Every structure is written in structure tokens, then in C-alpha cells.
Trainee: 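Let me give you the structure first, and then I'll get to my questions.
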Amino acid sequence: MIDLLSRLVRDAIVAATEAGELTLVEIPEPHLERPRDPSHGDWATNVAMQLAKPARMAPRQIAEIIAERMSGHADIAAVEIAGPGFINIRLSAAALQRVLRDVREQGADYGRVDIGKGRRVQIEFVSANPVGPMHVGHGRWAALGDSMARVLEHAGFETQREFYVNDAGVQMNTFAKSVAARYMEINGVEVEFAQDWYQGAYIREIAQEIMDAEGPKWVEADPEARESYFKEQAYAQVLDHLKRVLHGMGVDFDVWYSERELHEPGADGLSPIESSIATLREAGYIFEQDGATWFRTTDFDDDKDRVLKKADGSYTYFAADIAYHKNKFDRGFDRVIDIWGADHHGYVKRMEAAVAALGHPGKLDLVIGQLVNLFRDGEAVRMSKRTGEMVTFEDLLDEVGEDAARYFFLRRSTDQPLDFDIGLAKEQSAENPVFYVQYAHARICSILRKAAGIDTADESVEIASMATALIPDDAPLHLLETEAELSLMRKLAEFGEVVEVAADQLLMHKLTRYAEDLAATFHQFYTQCRVYDPENLDLTSARLYAVDATRQVLANVLGLVGVSAPERM
RNA sequence: GCGCCGUUAGCUCAGCUGGAUAGAGUAUCUGACUACGAAUCAGAAGGUCGCAGGUUCGAAUCCUGCACGGCGCACCA
């Protein structure tokens, strides 16, 4: 719709210029926006104000000329000039009614846009270290990244979800030592447990599982052999936990990328890390100093240069991450998105430097999400990974459920810290927005069942096909003309723009906001318009048509959020 | 000390690349179910957009400075 209007405005300007009514060298791309105030119409443009200077005419006079040439189109009910020179456009009822036909025709595909044009984008998110259970912040990234993938797919991108597993660092050794020590304790052997090892109770649980499976035979084993065996066992358990929890909330990764691959020599004898450093060296960004190998990130606006290879010969985490990102681009992605917690934001500059130095400037989007603070009954829940005092994400899911968790995580803009109130998320009341939206969907299904004479308890009926059979294709939609009906259709028409903005700017909270808007608009419509009326079957079928379209769009937006659209609650 | 993010109604937050009288939800008060789901709807009240300058036809939005809060600032990951 916006494209159509934009073209109409532009055509009007071109025509007026050709007719000599306007004197312009260049025709601008008109900017259309939705006025805040509904009395200003469905769309507005300030193009007349922008043209005032180049055309050397008063904005209102230009607006008159454009408006004159726009009116008369079947999709436009009115074109008005307002204020200093705004052109307010009101869509005709016919244009809005056509939206309903689009929804019915396109179904689950309604709202698709094509800003991606088939480009391949990879989204890397969560990427929790495999040394402990997922925490609540990881849950937020999981919800965010997965919805982002869904939205980008809806916007014409080919997407891939990837989890980077940091399974190669010293932390893995610390992790192994911690588990081994607990194992020894279980077997009554006194061991020293270092301050900086993992303190969490889950370490003991992992040790216990190994104990249960294999008995005490590792007590007498060579400490190194024990550690390396325990490392792999514990790692496997944690990875399994991560996959299980993520799958439980509907998040499935296409690729689990192991950092270890980056340290393995390839066909040319060089590991990916070594060869990516070689690439940077050829490009002239590498130097040696104090026995270490450095990457001159200050060439790219970083505060200081960064070490890639330490004096002791080992590589930094950053070196591995450079190799990893080189690998991503080598795999042919046109665009790469990383979602990081705010505690890693200090890392942004150097990563951007690396991607630019590798020859892919501008292809990396770093989304920095603020952290999650858990509250229970107004009290902050204190957590520390080090001391092991924590509510895991799995605990939270068990308590509030996947729908509430995912919905709450997406409700705030990502650069806003999230205060997550466990009590509120659990509450099944109007205070809880996820129920508000789901209720609208369930209510619609109930109306449809009612109109079709189907008992609410009958779960054998598939709503969508039932509705298609119930509501005729040629329902007299021209009967839909009250304000409540028009508002509903306007809101449905907005969905594509929401997808476009969410995809373009990676703003997932637009989805939940729209979902709540649409639900509210529907509830208002419902209050004012009786849908099922045996005395007026024409109007009934037209309204059922609108109601079913609303059901479809609610299902679509909830699908992007990753939350279920229940048919009864 | 430096950097990033934030500061908007009592509370939690929107405000789309500068636009018209700054919006929702919630809390408070008042109304609406003997017809489709009241987990709903309608109305009232609630603001110095942290502070001070600047840019221009026009600023919550852009620039500068300051204040407050969160998070970072390793040859850790």
C-alpha cells in the first residue's frame, strides 16, 4: 500500500511538472508516514514542504497541486491539505476491504515482504560457554535471535541459526578440574578446590552422573587422563542440556559450531586461526611486539591494538573469533548478525575491525542486548555464576512457560535492560499481555465455531479449513464500513510494514507491540459489532470474513514472536 | 579517567531515518454482561520528555556540556 501511495504522489509531482505547474529539476522520493492522529488520515506526506525551496513556491500551494492530481483514484477516499503543508491521504473503504481478500488469499504468507531478495544471512546467538546451565540472559538472546530469524525469513532473507560453542579455551580445563574434584569428594577423597573454579551445585550433579554411570574407577586414574575424560563427559552433558532447553522453547539451531575446529590444522597444514592471521598479515595489519603477535585494530577506530598470539604461543579468544568470522564469510553469507550481551559490548570495535580488515566491511551487524534482571514479588533475585547461586533459564521456563517467557523477552527494545517479574509472567490475567493477545485469538476461534455450529469442546475441527468452508469467497465486504470495521482493516493492512521495519532495523519489540495493538483493535470491533446474526446473513458473512482474517494475522504475528496461538484457553 | 547503553505519566515502557495537540499498558476513580468468550470494552484523571545550551520553519528525536543509573575497559573467555 505504501508503495502504491508513494507512486501516486510521485506521479502527481511528475505530471504537474510536465504540465508546467511546478518547476523542478529533480523529483524526490516522497516520504510517507502514518500520522499519529487518526483524524489526519491513513497516510501523510511532507513532500510539499520539502519541495518548497527547490520549486520556490509556498508549501500549501504545492500541496494543492499534488492533491488535485491524486484524488479520483479508487483507493483514495480523500486528500486533504493541513497545517503548514502536510498532505493527508485517506484510504477508501474499497482499498481496505481488499486487504481482507489479500489475507484470505495469502494465509500464513500474508505479511511477507521482500527486502532480503534471497540474500543469505546468518544469525549467531546464545553461544553460551558449555560449562554450565543456560542463564536467563541466554533465554533472552534465544528468543530474540530465533524471532529475528523468523522475521528475516518473512522478509525475504534466507537465514541460518548458529550457535558458537567455546569448547577450546582454558575455561574447559577449569570446568573439567571442577567436576573431577567433586567426583573425588563424592568418593571421600579430600581435594583442594580452587577459588576460581566453578562453584555451582550443578558441577556436583554432573560428577554424580559420571559416578552413577562409571563408578569410582576414576579415583585411582592418572589425574590428567581423568581430567581429559571428565572434560568430554561434562561437556556432552552440558551441550545436551542446552539443546534440550532451547528445543523446549522452540529454538532449534541449524549449526552448532565448535571452536575446536578453528584450532585444527587444515589441508595446507595451517589451522583456520593461523591462516586468518596470515590473511591479516598480508593486508598489513599484523605486527610483532614483546614476543606477541598483534592486530592493529586502531586502524579501525579501536582504542588500542589487540593481541592475537600470546607470548606463550597460545592464541587469544579474539584470534579464534576472527577465524570464526572469516569462516562465516567464507561460507558465503551476505550478511552476518551476532547477538551479544551487554557485558561483551567492549568487544564490538575490535570485531568490526576484524571483519573490515578481512574485506567485509559493513556486512556484520552486532546486536547488543542489555541484560535481564529477575524479580520475584518485587524483590531482585540475586545471582552469581561463580558462587553457583542462581535461577537457571530452565527453572524459569518451568515456572512461567515458554509462551510467557518468549513474549516477555521480546516486549522490550534490546537496548533496554529487562526487568523480568516472575510473578507477573505467571499470572493468567489481564495484567499479562501475552494472555491478552492469545485471548483475542481464542475468542475469534470461538466465534467461528459458534457460527459453524461446532461445540467448543470439539477439538477435532481444524479452525482454518473450517473457516474457509464456512465463509464464502464472495462475501459482501462492501458492507463493512463502520469506524470499528475500518479500524480493524487498517490495522491488518499495517502488518507488512511491521515486518519490514522489524526486519530492516532488527527491532523485535515491534512485533509484540503490533500484536497487542491488533488484539485491542479487534476487541473494540467485537464490542461494537455483532458478528453472528441469523437475521442478517450477508453482514454476518462479511464480518466473519474480517474476523477470520484477523485470526490469520494474529496467528502470523504470534508465529514470528514464537508464541502459540491457542484456539481455546 | 575512557567507551557503550539508558533517563518520557505514580509504576513498566512505546514514540518508525526531525513533523501536526508526546502515546499504550498498569495502578486510581466511574460506567457496560438474561445474544457471538467480561482473560473484554467505554470514560475520567495523570507530563518542565534528567538539566543547560546549540542547530532550523519545526527537536523527546540531531550536536555540545553536565548530572544520575547500568555495563565494559586483559598477552581472560
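Chain letters run A, B, ... following the sequence lines, proteins first and then strands; every chain starts at 1. Excluded from the calculations below are hydrogen atoms, water molecules and symmetry mates; all remaining heavy atoms, backbone and side chain alike, are included. Not measured: the values here are computed from a predicted model.
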Trainee: Looking at A/Arg281 and A/Glu274, is any side-chain nitrogen of the basic one under 4.0 Å from a carboxylate oxygen of the acidic one?
Mentor: no

Trainee: Measure from the ring centre of A/His344 to the centre of the six-membered ring in the base of B/A77, then say whether that distance is under 5.5 Å and the planes meet at under 30°.
Mentor: yes

Trainee: Between B/A39, B/G19, B/C75, spot the one nearest the side chain of A/Met49, thanks.
Mentor: B/G19

Trainee: Reading RNA chain B from 5' onward, which residue's closest nucleotide shows up sooner: A/Lys304 or A/Ala82?
Mentor: A/Ala82

Trainee: Please determine whether a side-chain nitrogen of the Lys or Arg among A/Asp299 and A/Arg296 lies less than 4.0 Å from a carboxylate oxygen of the Asp or Glu.
Mentor: yes

Trainee: With both distances kept under 3.5 Å, what pairs with B/U56, Watson-Crick or G-U wobble?
Mentor: none

Trainee: Please determine, for the side chain of A/Phe86, which listed nucleotide (B/A39, B/G15, B/A20) has the closest atom?
Mentor: B/A20

Trainee: Quick one: look up who B/C51 pairs with, Watson-Crick or G-U, both distances under 3.5 Å, and put none if it's unpaired.
Mentor: B/G65

Trainee: Quick one: do A/Asp303 and A/Lys349 make a salt bridge, cutoff under 4.0 Å?
Mentor: no

Trainee: Identify the nucleotide, in any strand shown, that forms a Watson-Crick or G-U wobble pair with B/G72, with both distances under 3.5 Å; if there is none, say none.
Mentor: B/C2

Trainee: Who does B/G18 pair with, Watson-Crick or G-U, both distances under 3.5 Å?
Mentor: none

Trainee: Considering only heavy atoms and no angle criterion, is a donor-acceptor pair shorter than 3.5 Å present between the side chain of A/Asp167 and the base of B/A77?
Mentor: no

Trainee: My understanding is that a pair needs two contacts under 3.5 Å, Watson-Crick or G-U wobble. By that rule, which nucleotide pairs with B/U40?
Mentor: B/A32

Trainee: Each nucleotide N or O in nucleotides 59-62 of chain B that has a protein N or O under 3.5 Å away: list the pair and distance.
Mentor:
none

Trainee: Let's see if you can work this out: which of B/C76, B/G19, B/C13 has an atom nearest to the side-chain heavy atoms of A/Glu33?
Mentor: B/G19

Trainee: What's the closest nucleotide to the A/Gln171 side chain, out of B/A39, B/A77, B/G37?
Mentor: B/A77

Trainee: Between B/G25 and B/A9, how far apart are the C1' atoms? Round to whole Å, please.
Mentor: 12 Å

Trainee: Counting heavy atoms from C-beta on, name the nucleotide in B/C16, B/A20, B/A38 closest to the side chain of A/Tyr526.
Mentor: B/A38

Trainee: In the structure shown, which nucleotide is the Watson-Crick or G-U wobble counterpart of B/G10, with both distances under 3.5 Å?
Mentor: B/U26

Trainee: Please indicate yes or no: is the ring centre of A/Tyr439 less than 5.5 Å from the centre of the six-membered base ring of B/G37, with the two planes inclined by under 30 degrees?
Mentor: no

Trainee: Just compare B/G37, B/C75, B/U12 and give me whichever is closest to any side-chain atom of A/Ile447.
Mentor: B/G37

Trainee: Please state whether the phosphate of B/A74, meaning OP1 or OP2, lies under 4.0 angstrom from any side-chain nitrogen or oxygen of A/Tyr347.
Mentor: no

Trainee: What pairs of nitrogen or oxygen atoms, one from the protein and one from nucleotides 2-6 of chain B, lie under 3.5 Å apart?
Mentor:
residue, atom, partner, partner atom, Å
B/G3, N2, A/His345, NE2, 2.2
B/C5, O2', A/Asp415, O, 2.8

Trainee: Between B/G18 and B/U55, how far apart are the C1' atoms? Round to whole Å, please.
Mentor: 11 Å

Trainee: Ignoring hydrogens and angles, state whether a donor on the side chain of A/Glu516 or A/Tyr407 is under 3.5 Å from an acceptor on the partner side chain.
Mentor: yes

Trainee: What's the closest nucleotide to the side chain of A/Arg449 if the choices are B/C41, B/G37, B/G15?
Mentor: B/G37

Trainee: If you only use heavy atoms from C-beta on, which nucleotide in B/A77, B/A14, B/C41 is closest to the side chain of A/Thr316?
Mentor: B/A77

Trainee: For A/Tyr439 together with A/His523, are the ring centres under 6.0 Å from each other?
Mentor: yes

Trainee: How far, in whole Å, is B/A77 from B/U17 if one measures between their C1' atoms?
Mentor: 37 Å

Trainee: Could you tell me whether A/Arg34 sits above the aromatic face of A/Trp43, with NZ or CZ closer than 6.0 angstrom to the six-membered ring centre and within 45 degrees of the axis?
Mentor: yes

Trainee: Write down the distance separating the C1' atoms in B/G46 and B/U26, rounded off to the nearest Å.
Mentor: 13 Å

Trainee: For B/U8 and B/G69, measure between their C1' atoms and round to the nearest Å.
Mentor: 16 Å

Trainee: Which nucleotide in the set B/C13, B/C16, B/A20 lies at the smallest distance from any side-chain heavy atom of A/Asn88?
Mentor: B/A20

Trainee: Side chain of A/Asn46 only, heavy atoms from C-beta on: which candidate in B/U17, B/G37, B/G19 is closest?
Mentor: B/G19

